[in-house]
Amino acid sequence: MIELNGTMRVGDVVALADRRDEVSLPAKVVETIVRMHDQAAELSTRHATYGRTTGVGANRVATISPDDPDYGMRLLRSHAVDAGDPLSARTVRSMLAVRLNQLCAPGAGLDPAVLGGLQRMLNDNALPQVLQYASIGTGDLAALAGTALTLIGERPATEELTPMPPWGADSALPFMSSSALTVGRSCLAVDELIRLERASSVIYMLSFLALKGNPSAFSPVAALAAAAPQVETVATRLRSLFADDGEPNREPARIQDPYGLRVYPVAHASVVASLNSLVAQLERTLNVAQENPLFDADGDQVVHHGAFYQAALSLELDGATLALALTAPITHSRIRMLNDPETNGGNAFLSADSDGSSGLMMVEYVAAGAIAEIRNAAQPASVGTLVLSRGAEEDATFASQGVLQLERSVAAYRVLLCCELVGAVRLLRQRRIEDRFTGVLAGALALAAELPRNDEDRDLRGDLAAAEPLLDEFGRLIPAPSPPN
């Protein structure tokens, strides 16, 4: 049971999205939200309050009567429009987990009954339908408004859900005022990518040993000379994997390797550094109240602000996709080396025969197609802009587009790693050295034993499909670093 107390981590969001755990609301948290609700109501009688005593967007100049009982529901209904394909249940659960945790941080001033309703929705898997298009990085208004309508019973849930009474203006805008969907999707994407980046190091080392690479590339001296964040982390990992080779003192095939082997520690370190930075930003955003307006009980004020503007998150998402785009060609270089008789020591394309057989030729093409997708997805979303609501909102961060691009990039990166894994395992087998390894590499090759052994020209779709689930298992072979205190 995950207790929501302001310390949620990316892994908690993933566990809830995967239904491996449930949430509980500590009594102390609920008591705090009850007090904030009462204080917010009192503050709103003395201060103009956006979305409670005024309209929203360009309608912020309109005054709303405190006696208007329908304004909150009108606000939810008008903001619940979205379009496109439905998002997966896993994605929706990630959104619910993020929003519930955020609301446990006092500041929104909404009815505490909303927390209980959201908790039941998540734990009972009684989900709203959320469609693809609406958000622009300044709040996932449509997704959350639709979630509110589902809690109230105006939209169907995927499982039976006891409806809440209609909401007032005290809860409508505060509930919507979050980027919970974008944050939740980002948590799922970064969690997957963390496993893939670790798997990449295992696959790199299989290729490195199959190609008789020069270990100077990840020596402590080389790592220090790189003068870049996380290079030593990657180099240390590679030295540990290299120690699993049963012949550590063998002579390298080249005095200086091509970039695919030689600059991997530097290029891949950019991915590790970007992911660490993205996780830190997500975990800050997970555990803070960002609703507009915020109620500051201690300062006796209503704070109207732009903290919901996800500039930092948008930049971090772009950074992760750019890091993948930087390192992807380095991966393709190794695939080319695996296929090249000048570096693999055997037949072109690791074919069974040298008489024009194609072997893994087309795997290299598939990898190139994946790189094209990664490169396309890396066009920065954060540089986009748009003017909305009669000029009241004259920019947007497009963090929601940034996470969509990261998801695309991660999916293509999986394909790219599968292509390298198939080639690395084939070359190790052809050199008859697959049984000489220990530790993590031995574990990886044991998992890869299910990859087909037939090197004759044939349909290779099944090989890539068999490699795909191995990636997550490979990633789990590399111990995760301890979280910071």
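Nothing here was measured: the structure is a model prediction, and the numbers come from that model. All values below come from the heavy atoms of this structure, side chains included, with hydrogens, waters and symmetry mates left out.
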Participant: Rounded to the nearest 0.5 Å, how far apart are CZ of R262 and CD1 of I330?
Facilitator: 10.0 Å
Participant: I'd like to check S201 versus L238 (side-chain heavy atoms, cut-off strictly below 4.5 Å). Are they in contact?
Facilitator: yes
Participant: Can you label the angle between the H268 ring and the Y264 ring as parallel, tilted or perpendicular, going by 30° and 60°?
Facilitator: parallel
Participant: Stepwise, does the side-chain hydrogen bond (donor to acceptor under 3.5 Å, both in side chains) test hold for E420 with S207?
Facilitator: CA-CA 8 Å; E420 182 182 3; S207 296; 2.8 Å; yes
Participant: Going through the distances and angles, do S357 and D355 end up as a side-chain hydrogen bond (donor to acceptor under 3.5 Å, both in side chains)?
Facilitator: CA-CA 6 Å; S357 296; D355 57 352; 3.3 Å; yes
Participant: If you compare all heavy atoms of A143 against all heavy atoms of M95, which two are closest, and at what distance to 0.1 Å?
Facilitator: CB-SD, 3.9 Å
Participant: Going by an N to O cut-off under 4.0 Å, is there a salt bridge joining R198 and E192?
Facilitator: no
Participant: If I compare all heavy atoms of Q102 with all of S178, which pair ends up nearest, and what's the gap?
Facilitator: OE1-OG, 2.7 Å
Participant: Apply the test side-chain hydrogen bond (donor to acceptor under 3.5 Å, both in side chains) to residues N125 and R93: give CA-CA distance (whole Å), side-chain angles for both, the deciding distance (0.1 Å), then the verdict.
Facilitator: CA-CA 8 Å; N125 200 38; R93 286 191 294 267; 2.9 Å; yes
Participant: Say you draw a straight line from CZ of F474 to OG of S200; how long is it, rounded to the nearest 0.5 Å?
Facilitator: 11.5 Å
Participant: Regarding T182 and D140, is there a side-chain donor-to-acceptor distance under 3.5 Å anywhere?
Facilitator: yes
Participant: Are D472 and R476 ion-paired here, with the side-chain N under 4.0 Å from a carboxylate O?
Facilitator: no
Participant: If you measure from the Lys or Arg side-chain nitrogens to the Asp or Glu carboxylate oxygens, is any gap between E3 and K28 under 4.0 Å?
Facilitator: no
Participant: Do you know which two heavy atoms are closest between N123 and E22, and how far apart they sit?
Facilitator: OD1-CB, 3.3 Å
Participant: Work out which heavy atom in A189 is nearest to a heavy atom in E407; give both atom names and the distance.
Facilitator: CB-CG, 4.4 Å
Participant: Is it true that, when you exclude R453 itself, more than 12 heavy atoms of the residues, nucleotides or ligands shown sit nearer than 6.0 Å to its CZ?
Facilitator: yes
Participant: Side chains of N344 and R431: do they bring a donor and an acceptor to under 3.5 Å?
Facilitator: no
Participant: Just wondering, do P128 and M121 contact through their side chains at under 4.5 Å, heavy atoms?
Facilitator: yes
Participant: So which atom in L441 and which in L241 form the shortest heavy-atom distance, rounded to 0.1 Å?
Facilitator: CD1-O, 3.5 Å
Participant: Nearest 0.5 Å please: distance from the OG1 atom of T331 over to the CG atom of L416.
Facilitator: 5.0 Å
Participant: Distance only, no hydrogens: is a donor on one side chain within 3.5 Å (strictly under) of an acceptor on the other, for S382 and D318?
Facilitator: yes
Participant: Between D18 and R20, is there a side-chain N and carboxylate O pair less than 4.0 Å apart?
Facilitator: yes
Participant: Closest heavy-atom contact between P265 and L261?
Facilitator: CD-O, 4.3 Å
Participant: Going by an N to O cut-off under 4.0 Å, is there a salt bridge joining R237 and E232?
Facilitator: no
Participant: Would you call D257 and R254 a salt bridge, using N to O less than 4.0 angstrom?
Facilitator: yes
Participant: Can N287 and N101 be counted as having a side-chain donor-acceptor contact under 3.5 angstrom?
Facilitator: yes
Participant: Within the structure provided, determine whether I203 and L471 are in side-chain contact (heavy-atom separation under 4.5 Å).
Facilitator: yes
Participant: Tell me whether D455 contacts the main-chain N or O of S351 through its side chain, where contact means a donor paired with an acceptor under 3.5 Å.
Facilitator: no
Participant: For F218 and F208, I'd like to know if the aromatic rings sit close, meaning centre-to-centre distance below 6.0 Å.
Facilitator: yes
Participant: Looking at L127, is its backbone amide N or carbonyl O close enough to the side chain of T158 to form a donor-acceptor pair, meaning the two atoms are under 3.5 Å apart?
Facilitator: yes
Participant: Under a 4.0 Å N-O cut-off, is there an ion pair linking E364 with R336?
Facilitator: no
Participant: Any salt bridge between R458 and D463, counting N to O under 4.0 Å?
Facilitator: yes
Participant: Does a side chain donor of either Q405 or T321 reach within less than 3.5 Å of an acceptor in the other side chain?
Facilitator: no
Participant: Would you say that Q290 contacts V288 through its side chain, given a criterion of any heavy-atom pair below 4.5 Å between the two side chains?
Facilitator: yes
Participant: If we only count heavy atoms from C-beta on, is the V29 to L4 side-chain gap below 4.5 Å?
Facilitator: no
Participant: Rounded to the nearest 0.5 Å, what's the gap from CZ on R375 to OG on S409? Could you check?
Facilitator: 11.0 Å
Participant: Quick one: does any side-chain atom of T91 pair with a main-chain N or O of L87 as donor and acceptor, under 3.5 Å?
Facilitator: no
